[in-house]
Number of protein chains: 2
Amino acid sequence: MNLKQLSQHLNLSQTTVSRALNGFPEVSEKTRERVLQAAKKLNYSPNARAKGLATGRAQAIGHVLPISDQHEMVNPIFGDFIAGAGQTYAKEGYEVVISLVRDTEQEQAYRSIRSRGSVDGIIVHGPRMADSRIPLLSELGMPFVVHGRASDVTLPYSWLDTNNSRAFRRATEFLLDLGHRRIALINGLEFMDFAFRRREAYVSALTDRGIAADPALMRSDEMTEVFGYRCARDMLRDPAPPTAFLVSSMITAIGVRRAIHEAGLQMGRDVSVITHDDDLGYLKNGHDVPIFTATRSSVRSAGARAAEMLLHLIRTPGAPPQTQLMEAELIIGSSTGPAIQR
Amino acid sequence: MNLKQLSQHLNLSQTTVSRALNGFPEVSEKTRERVLQAAKKLNYSPNARAKGLATGRAQAIGHVLPISDQHEMVNPIFGDFIAGAGQTYAKEGYEVVISLVRDTEQEQAYRSIRSRGSVDGIIVHGPRMADSRIPLLSELGMPFVVHGRASDVTLPYSWLDTNNSRAFRRATEFLLDLGHRRIALINGLEFMDFAFRRREAYVSALTDRGIAADPALMRSDEMTEVFGYRCARDMLRDPAPPTAFLVSSMITAIGVRRAIHEAGLQMGRDVSVITHDDDLGYLKNGHDVPIFTATRSSVRSAGARAAEMLLHLIRTPGAPPQTQLMEAELIIGSSTGPAIQR
DNA sequence: ATGGATATTCAAAGCGCTTTGGGTGTCAGC
DNA sequence: GCTGACACCCAAAGCGCTTTGAATATCCAT
């Protein structure tokens, strides 16, 4: 069923039917009603491609996921992010198109997305410190919002980020206040902006209390469970083991906990752990009592908010860049306690 | 840059340029070369909407994710599935369009996807036992592949599934062979087809050995970490606790492990655990030594395979439905051991 | 030279929609 | 009765591509 058929069925012109469906004022209420009825009954909905071609709008948002070469995996927070953004999109009639792009093909991918014109805007995931995608998208004149920030990019752009610095500073200070002096940092890949900021905050919180950061206590890699396990296992075997771990994701923290248990220690008593918690739907940090002391920031609401920002940019051409910094809560769980001399 | 501009630039007709770019034989090698050069230099790529409108093909695949009303979450295996499928799609020049759809809006959503025509085929995720989407899509004449199966649907359709029955039967028998008699099943939601099959297999494996399944040892819910934790905690407090757990996902199994530790027990010695393992990139089951004894089946390769099947269906109209059953490996880890009388 | 393949190119129609730039009919005001 | 304003509706152009049906150029055998 297409517009032509529908309009013939109604004995109206395509113009009138189109206008009736799109809420234009110059069509009488009576005919509009008639058109809407018929459209519903005949299950008509306009062809997205034709509509897009005619209007120049795709009614779709692109999410470009950098795909990790090592693990061929998609960042597990993406599902929740899209669940949040999806709400907003659905409300406004936008679709989501995703492309998985390897690092080596990034630039080409963005250019071709641009010229294919299949999306009206883009959410940039996983920004690096000096992310070339940002100047590129600016140059291409395509609306975009970055989930995160790129510390080394100077030109203005829209972003939505968690206050990683403050979160990790507070977490570090919290551990210091508990008497911990040897605090390990199990971080994400440090060319990722969020991980860089977290490390900076951790290091400076230590330095401010007169403690030099010990490179032996700092690790950085993709945030898998196994990575957390290995780091913690190795460090706990050290003659001078850490008394606390600061971890960049729940999944990694679960690996850390596994290593702690395996070493015959008890988390929260013998060794403390603080993790960042993205508040993923399937991986809640306990229920009434949190498992981990954590810096919590919901990635689902970040998704919803980023989507709103992007839709705003799309609808208001020439709008100035939007930015938003979301604070993380420090949730006190049972994984932290006073430092113990061993 | 569009076709018209490009063809003017080259002093050729749009026809010739279009044909040159799309590899038609009736254009001389010399001009083809010239066209390709220019297209590259001027960074031309055809407008997807216009191309789609003209050809009737969208060059896009729809992934419809049922979104859980309770947790507003996207199934965590989705990321890996799409990572697998994405490889195949990218190779063949297809995009991925995803829609998040609530249960209540399923039918409407599929109809509108159909008539909007923004995708050429659909992957159906999370099939229920009597899934109405399957007859609907058949009726709409839209190519689709189901990730999983729907036991109660009789008409033929294409699917790709893990052999859940065999996997869970083997796992149950493995535990029985170790002397376990009180085996708990921590399952997914049992209106989901995979969960139903797993339960059937578990029950019949027990029955075959003369053991009646104990309803007190069977739970079913969304497969979160907290769910696993609660089930195990409650069951372990019971006067007649299970000596083994059969769990439907790694994440849930991690919750089970947490409850076991919290009860002061040791997994693999005091209590055994077998879990299904989707082999997610960020949640590998250990490295050299598996953490859990597990039935393993890679959801990433399922994605890749399902994508291939779907593309085949799209390209071969009238092709008979394709089906594929993937066997899960039984991986022996350190979470299982002989039953202990307590 | 000439007719017929063969190779190469092109103009124009069409995909399903929106939007421009009129039409027609009705009615109040003079 | 005539004009202008207003409400309502329509034919046709255009979005950027593919594809049909022809036209032109080239070449070989006659």
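Order of the sequence lines sets the chain letters (A, B, ...), proteins ahead of strands, with each chain counted from 1.
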Undergrad: Are B:S28 and C:dT9 close enough that a side-chain N or O sits under 4.0 Å from OP1 or OP2?
TA: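 Looking at the OP1 and OP2 atoms of C:dT9, one of them is under 4.0 Å from a side-chain N or O of B:S28.
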Undergrad: Please state how far atom NE2 in A:H9 lies from atom P in C:dG16, giving the value in whole angstrom units.
TA: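 Rounded to the whole Å, the gap is 18 Å.
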Undergrad: When you check the phosphate oxygens OP1 and OP2 of D:dT19, does a side-chain N or O of B:T55 lie under 4.0 Å from one of them?
TA: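 Answer no for this pair, as no side-chain N or O of B:T55 is under 4.0 Å from OP1 or OP2.
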Undergrad: Between B:D161 and B:R149, does any side-chain N to carboxylate O distance fall below 4.0 Å?
TA: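 Salt bridge present between B:D161 and B:R149.
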Undergrad: For B:M1 and A:N11, take the nucleotide of DNA chain D holding the closest heavy atom to each; which residue's nucleotide lies nearer the 5' end?
TA: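 By nearest-heavy-atom nucleotide position, the 5'-most residue is A:N11.
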Undergrad: Taking only side-chain N and O atoms of A:Y44, does any of them lie within less than 4.0 angstrom of OP1 or OP2 on C:dG16?
TA: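 Result: no.
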Undergrad: Is the phosphate of D:dC9, meaning OP1 or OP2, less than 4.0 Å from a side-chain N or O of A:S13?
TA: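 Indeed not, no polar side-chain atom of A:S13 lies that close.
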Undergrad: Enumerate, atom names and distances included, each donor-acceptor pair closer than 3.5 Å involving a side-chain atom of residues 74-86 of chain A, sequence neighbours excluded.
TA:
unit_1 : atom_1 : unit_2 : atom_2 : d
A:N75  : OD1    : A:I77  : N      : 3.0
A:D80  : OD2    : A:G281 : N      : 3.0
A:D80  : OD2    : A:R300 : NH2    : 3.0

Undergrad: If the cut-off is 4.0 Å, is A:K4 near the phosphate of C:dC17, judged by side-chain N/O to OP1 or OP2?
TA: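 So the side-chain polar atoms of A:K4 never come under 4.0 Å of the phosphate oxygens OP1 or OP2 of C:dC17.
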Undergrad: Relative to the 5' end of DNA chain D, which residue comes earlier, B:R19 or A:E29, by the nucleotide with the nearest heavy atom?
TA: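 Upstream on the strand: A:E29.
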Undergrad: Output, in order, the C-alpha distance, side-chain angles, deciding distance and verdict of salt bridge (charged side-chain N to carboxylate O under 4.0 Å, His left out) for A:E92 and A:R315.
TA: CA-CA 11 Å; A:E92 312 278 346; A:R315 279 193 288 242; 3.1 Å; yes
Undergrad: Select one nucleotide: of D:dC8, D:dC15, D:dC17, the one nearest the side-chain heavy atoms of B:Q14.
TA: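 Nucleotide nearest to B:Q14's side chain: D:dC17.
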Undergrad: Taking OP1 and OP2 of D:dT18, is either one under 4.0 Å from a side-chain nitrogen or oxygen of B:N22?
TA: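 Result: yes.
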Undergrad: Side chain of B:L53 only, heavy atoms from C-beta on: which candidate in C:dT9, D:dT18, C:dC15 is closest?
TA: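 Nucleotide nearest to B:L53's side chain: C:dC15.
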Undergrad: From the options D:dC17, C:dT19, C:dG16, select the nucleotide whose nearest atom is closest to the side chain of B:A54.
TA: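 Selected nucleotide (nearest to the side chain): D:dC17.
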Undergrad: Just one of B:Y89, B:F144, B:Y94 clears the ring pair (Phe, Tyr, Trp, His ring centres under 6.0 Å) bar with B:H63, so which one?
TA: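 Result for ring pair (Phe, Tyr, Trp, His ring centres under 6.0 Å) with B:H63: B:Y89.
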Undergrad: Any salt bridge between A:R133 and A:E107, counting N to O under 4.0 Å?
TA: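 Here A:R133 does not pair with A:E107 in a salt bridge, since their nearest N and O are not under 4.0 Å apart.
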Undergrad: Look at the side chain of A:T15 and the base of C:dT19, then say whether one donor and one acceptor between them are separated by less than 3.5 Å.
TA: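 Yes, the side chain and the base share a sub-3.5 Å donor-acceptor pair.
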Undergrad: May I ask you to verify if any side-chain N or O of A:T16 is less than 4.0 angstrom from the OP1 or OP2 atom of D:dC9?
TA: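 No, because none of the side-chain N or O atoms of A:T16 sits under 4.0 Å from OP1 or OP2 of D:dC9.
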